[in-house]
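What's counted below: heavy atoms across the whole structure, side chains too, no hydrogens, waters or symmetry copies. Residue numbering restarts at 1 for every chain, and letters A, B, ... go by the order of the sequence lines.
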2 protein chains.
Amino acid sequence: MKLKDYLLSVEDFPEEELDQILSSFKQQVLKKNTIVAKAGLVCNTLYYMEKGLARSYYNNAEGKDITAWFFNEGNFMTSMESFFHKKNSAYHLELLEDSLLYAISKDDLDQLFLNFPLMERFGRKLVIKLLGDMMGKLNAIQFQTAKERYLFMINEYPDLYYRVPLGHIASYLGITQETLSRIRAKN
Amino acid sequence: MKLKDYLLSVEDFPEEELDQILSSFKQQVLKKNTIVAKAGLVCNTLYYMEKGLARSYYNNAEGKDITAWFFNEGNFMTSMESFFHKKNSAYHLELLEDSLLYAISKDDLDQLFLNFPLMERFGRKLVIKLLGDMMGKLNAIQFQTAKERYLFMINEYPDLYYRVPLGHIASYLGITQETLSRIRAKN
DNA sequence: TACTTCCTTTGATATAGGTCAAAAAACGGG
DNA sequence: CCCGTTTTTTGACCTATATCAAAGGAAGTA
């Protein structure tokens, strides 16, 4: 979904306002494997992913690569804690496919919030959506078995399953790659 | 913290606006064990907890009582998914102590959002805070051992530990009461 | 103070999922 | 199309935590 359509699907922005908002975003065409945000630095950019796929990940105490979240077409992407609170990011953001992104800086976004009450409302609704996604995952992780989580995952992101390495999905689900492989073998 | 002070700590509301906002909240003095929202119904109320303690919980497939979240002094409480999306609540909200609450209906809150841009901003920031809390817990649950989660918990909510039954804390942490008891015994 | 109910601890045993290791399969650049 | 690299599968074994059961403590009420 195009950014313009996404915005309009949430709030009924007047034409002129919409144009101003859209012009604050900068188009970026980037290759697979590009790191668009680095752990340890403040992530000052919010991305809309029009096409492509990405993940946030970090290396845990034992040095293992842990995928925290996936971002696919039609979603906003950033390192949330870092972006919202100007803290150093705990995560890297890495493109898993060639992607088409629209980027806006935090300063420009705040400017939009100041100028357009509808944008402020859009922002609130967007965060509520993120909160819902987060709660869904929290629930899945906390109270379901590895197999149930796997089923939850392929239900939520059916295509994603074929687009990313198994290991990323496993760590996202909080299980090992071996366990995920075995679960899959039994279906 | 009083509701008024909380509001002012986030946004610099003008006096008159603040009064109008505050008058949309209704004070409620309620006893321990009161259920302020029932699973299966839409939760149309947002509560500010000035004093007291509560939890959200549900009964899982095996009929076990699972605590999903705690709400203590100086926090907003509701069944989020239900409140934001008018869906039936998956959770009960139960007071764990005699409490002093300030309640506002979703309709009244939406009215405040329409009337006061600063309130809209407050709403966005509040949701961002909730999102941060949620991510902290998700992280703890997903990648830490039972013991680490326990330590995370007593760090985040030191007093709470002495105010609620062990079983509630255990299910909140995604472990059994017995395991939590054993962890505690070894410290 | 005793009775009832609720809460916490302790013990014995079972199991889901982790770890380590190596083979097999799939992928990608030249 | 081939070779090195990455990804996935399979096997053997281990550990953290669950489950089941029962005893001990604490707390509220009459």
Side-chain angles (χ1 to χ4, degrees), chain A residues 31-35 53 55 57 59-67 70 92 94-98 137 139-154 157 159-187, chain B residues 31-35 53 55 57 59-67 70 92 94-98 137 140-154 159-187:
Chain A
K31 288 274 165 205
K32 179 172 174 173
N33 295 327
T34 304
I35 302 289
L53 184 60
R55 66 171 182 139
Y57 75 98
N59 294 99
N60 73 1
E62 292 91 51
K64 258 202 223 165
D65 172 322
I66 307 284
T67 295
F70 291 107
H92 304 278
E94 176 193 53
L95 301 185
L96 298 171
E97 299 180 354
D98 296 351
K137 182 178 176 190
N139 229 45
I141 291 271
Q142 182 159 15
F143 300 117
Q144 296 178 216
T145 62
K147 180 166 187 180
E148 289 168 330
R149 275 179 268 167
Y150 157 78
L151 293 173
F152 168 82
M153 165 93 192
I154 57 175
Y157 304 98
D159 63 316
L160 195 153
Y161 193 79
Y162 301 100
R163 292 161 70 185
V164 309
L166 194 68
H168 294 168
I169 293 174
S171 70
Y172 172 80
L173 292 175
I175 60 184
T176 61
Q177 178 168 313
E178 293 94 326
T179 296
L180 182 53
S181 176
R182 280 185 251 262
I183 286 170
R184 184 155 73 166
K186 285 193 210 122
N187 279 56
Chain B
K31 287 274 165 206
K32 179 174 174 172
N33 295 327
T34 304
I35 303 290
L53 185 60
R55 66 171 182 141
Y57 76 99
N59 293 98
N60 74 1
E62 293 91 51
K64 258 202 224 166
D65 171 321
I66 308 284
T67 295
F70 292 106
H92 303 278
E94 177 193 52
L95 301 185
L96 297 171
E97 297 180 355
D98 297 350
K137 182 177 176 190
I141 291 271
Q142 182 160 17
F143 300 117
Q144 296 179 217
T145 63
K147 180 166 187 179
E148 287 169 329
R149 275 179 267 166
Y150 157 79
L151 294 172
F152 168 82
M153 165 93 192
I154 58 174
D159 63 317
L160 195 152
Y161 193 78
Y162 301 100
R163 292 161 70 184
V164 309
L166 195 67
H168 293 167
I169 293 174
S171 69
Y172 172 79
L173 293 175
I175 60 183
T176 61
Q177 179 169 310
E178 293 94 325
T179 297
L180 182 53
S181 176
R182 281 186 250 262
I183 286 168
R184 186 158 71 166
K186 286 192 208 120
N187 280 55

- Task: Answer yes or no on whether Lys137(B) is positioned over the face of Phe152(B), meaning its NZ or CZ is under 6.0 Å from the six-membered ring centre and within 45° of the axis.
- Result: no

- Message: To check you understand the geometry: which heavy-atom pair defines the closest contact between Leu166(A) and Ser181(A), and what is its length?
- Response: CD2-CB, 4.1 Å

- Message: Tell me the interatomic distance from Glu97(A), atom CD, to dG28(C), atom P, rounded to whole angstroms.
- Response: 12 Å

- Query: Is Arg55(A) salt-bridged to Glu94(A), going by a charged N under 4.0 Å from an acidic O?
  - Reply: yes

- Between atom OH in Tyr162(B) and atom C1' in dC7(C), what is the gap in whole Å? 17 Å

- Query: Over how many whole Å does the gap from Leu96(A) atom CG to dT6(D) atom C1' extend?
  - Reply: 15 Å

- Task: Treat primed atoms plus P, OP1 and OP2 as sugar-phosphate and everything else as base, then score nucleotides 7-17 of chain D 5' to 3': B for base contact with protein heavy atoms under 4.0 Å, S for sugar-phosphate contact only, - for none.
- Result: -BBBBB----S

- Note on the structure: Looking only at heavy atoms, the pair that brings Ile141(B) and Leu173(B) closest together is CD1-O, 3.5 Å

- When rounded to the nearest 0.5 angstrom, what is the spacing between CG in Asp159(A) and CG in Leu53(A)? 8.0 Å

- Estimate the overall bend of the helix from dT1(C)-dA30(D) to dG30(C)-dC1(D) from the end axes over five pairs each, rounded to 10 degrees. 60°

- Partners of Asn60(B) by side-chain contact (heavy atoms from CB on, under 4.5 Å), sequence neighbours excluded? Tyr58(B), Glu62(B), Lys64(B), Ile66(B)

- Message: Regarding Asp98(B) and Lys31(B), does a basic nitrogen lie under 4.0 Å from an acidic carboxylate oxygen?
- Response: yes

- Task: Measure the OH-CZ distance between Tyr161(A) and Phe70(A) for me, rounded to the nearest 0.5 Å.
- Result: 11.0 Å

